[in-house]
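Remember, it's 1-based here, ligands and their atoms both numbered in the order they're listed. Remember, predicted model here, so these are calculated numbers, not experimental data.
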Amino acid sequence: MPNGTHTRQDVWKLNQWDPTILWFAKAIADMQTRPFTDPTSWRYQAAIHDYTPADDPNPKVAMPSAATQKTFWKQCQHGSWFFLPWHRMYLFYFEQIVAATVTKLGGPSGWSLPYWNYSDPGNPSARKLPTAFRAPKLPDGTSNPLLIAARAPGVNQGADVSGAADVELQTSLSKQSFVAQPHGGDPGFGGPQTGFSHNGASVGELERVPHGLIHMDVGGQDGWMSAFDTAALDPIFWLHHANLDRLWTVWMGRAGGHANPNANNWRNQSFQFHDATGNVVSLSPAQVVDTTVAPLRYQYQDVSDPLGPAVAAPLVGLQVEQQPPPEMVGATTAPHALAEQPTTAHLSVAAPTGPGLVAAPSGAAQRIYLNIENITGTGKSTGYEVYLNLPPDADPQQHRDKLVGILPMFGVAEASRSDAQHAGSGLHYALDATDVIRRLQANNAWNPTDLRITFVPRRRGDVAPPGLSAARPGGAIQVGRISLYYA
Ligand code: C2O
């Protein structure tokens with residue numbers, strides 16, 4: 001157990017083999033020797049996030065009991081207002097397990113998980129994988145457990161993992177509300193109100209960008225970071241999530257009255273984990289909203305606002321629950337199949353008549369959300385860019401002003417499976433299309449009877465990287481419904 005407050009450091013501000021990084025590698029190697037039935041083993045820790053036997057890249061070994069698996073595995077919370085608190089708890093116990101392993105191996109006490117700030121405008125290497133995670137060997141010549149072969153082409157060669165749009169923070173950090181509006185509206189910073197949700201309703205803005213995109217950018221089509229059930233086997237997963245956890249603190253600290261949900265069904269939802277000795281422990285969101293006090297007691301090296309001081313947003317006078325529900329003004333009636341080439345769907349949009357006409361509270365500008373609902377399938381795509389009224393055969397790169405948002409396909413296979421815990425209704429993204437639509441209207445390029453929505457697939461990885469035993473079957477991906485809402 002850590003004594004006192006400890007600090008999670010920016011990995012790019014550490015030397016390649018700073019003790020924090022080197023001891024992480026050594027602890028992973030040690031955790032990898034533990035049996036799968038040991039809650040502190042590397043593989044058990046990853047299975048807490050998600051586990052599918054068919055995607056397990058490791059040889060078959062003795063497994064924990066079905067009851068244990070049911071209680072502790074496949075717990076990750078996505079498409080839910082539990083996304084941030086659940087991953088915070090998950091990292092907290094993981095960090096303790098690594099720290100205990102480091103001291104057992106003779107290292108320093110108080111090991112802290114570093115974070116990967118891929119959005120750092122002051123670091124030209126920010127979007128490259130930190131060097132220790134792509135080095136073949138540790139300094140002593142042994143193999144490096146931080147290097148995972150199953151990543152997108154170029155990532156391990158030091159290419160930029162992603163473009164600037166994939167790590168932009170303006171969209172998420174300027175969200176006023178933590179919680180999403182009801183169906184069709186603002187996805188919020190932290191996601192929609194749900195029950196226990198391994199995957200659920202619309203995805204919160206931070207979970208979409210940069211979270212989902214970084215997963216797909218590192219993992220590519222087939223790599224470990226690209227699927228729930230293998231993501232946490234890649235050590236960079238933990239630094240990615242430490243950064244998201246840090247961004248939650250950054251968002252809370254911004255001007256504009258940002259607040260966590262105060263509903264009891266958010267604050268008191270309990271989640272179970274194992275501590276460093278393998279004992280069962282539990283936490284609820286109310287216990288983890290402030291990282292600097294017990295039980296968490298950690299802080300981040302830098303929680304300054306990357307966007308500069310926030311312009312004090314007009315205070316929203318009504319709670320989300322009191323606002324008029326978002327009004328749907330158009331929806332497709334048939335599923336739309338996505339493909340390896342751009343595809344276009346058409347939507348007829350009516351003028352708002354009901355709640356959409358009511359002025360937003362406190363004069364806040366009314367927003368328009370393009371909803372991409374029920375995205376399901378087993379197809380291999382890292383994601384899609386969504387454009388409005390892109391001219392036929394145009395180069396999308398020349399029309400970035402028509403880009404409404406990017407849809408990461410992280411979790412699409414898992415969200416499509418129906419089983420005891422999940423409805424299988426797929427991914428749901430709500431994109432703020434207000435600015436693009438206002439521009440189209442100003443340029444006389446808006447025809448409400450024919451709004452064209454073009455899905456441009458993102459670059460495909462070349463070949464499956466080595467190290468994958470089970471290639472996921474390539475199938476189709478389809479969108480169940482496209483809808484436009486005023487909120
Ligand atoms: Cu639970 Cu980044 O995933």
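In terms of the salt bridge (Lys or Arg N to Asp or Glu O under 4.0 Å) criterion, R134 has no residue partners (sequence neighbours excluded). For the ring pair (Phe, Tyr, Trp, His ring centres under 6.0 Å) test, residues two or more places apart in sequence or in another chain that qualify with Y118 are W116, H240.
Note on atom 1 (Cu) of ligand 1: protein N/O/S atoms under 2.8 Å are H49 NE2, H78 NE2, H87 NE2.
Remark: R127 does not engage D217 in a salt bridge, criterion side-chain N to carboxylate O under 4.0 Å. Looking at D234 and R151, a side-chain N of the basic residue comes within less than 4.0 Å of a carboxylate O on the acidic one, giving a salt bridge.
Pairs engaging residues 14-29 under the side chain to side chain donor-acceptor pair (under 3.5 Å) rule: D18-T20 [sequence neighbours left out].
Sorting the N, O or S atoms of H211 by how far they are from atom 2 (Cu) of ligand 1 puts NE2 first.
Both the sub-6.0 Å distance and the 45° axial angle are not jointly satisfied by R8 relative to the ring of Y115.
Donor-acceptor pairing under 3.5 Å is recorded for the side chains of W248 and N260.
Here H215 meets the criterion, with an N, O or S atom under 2.8 Å of atom 2 (Cu) of ligand 1.
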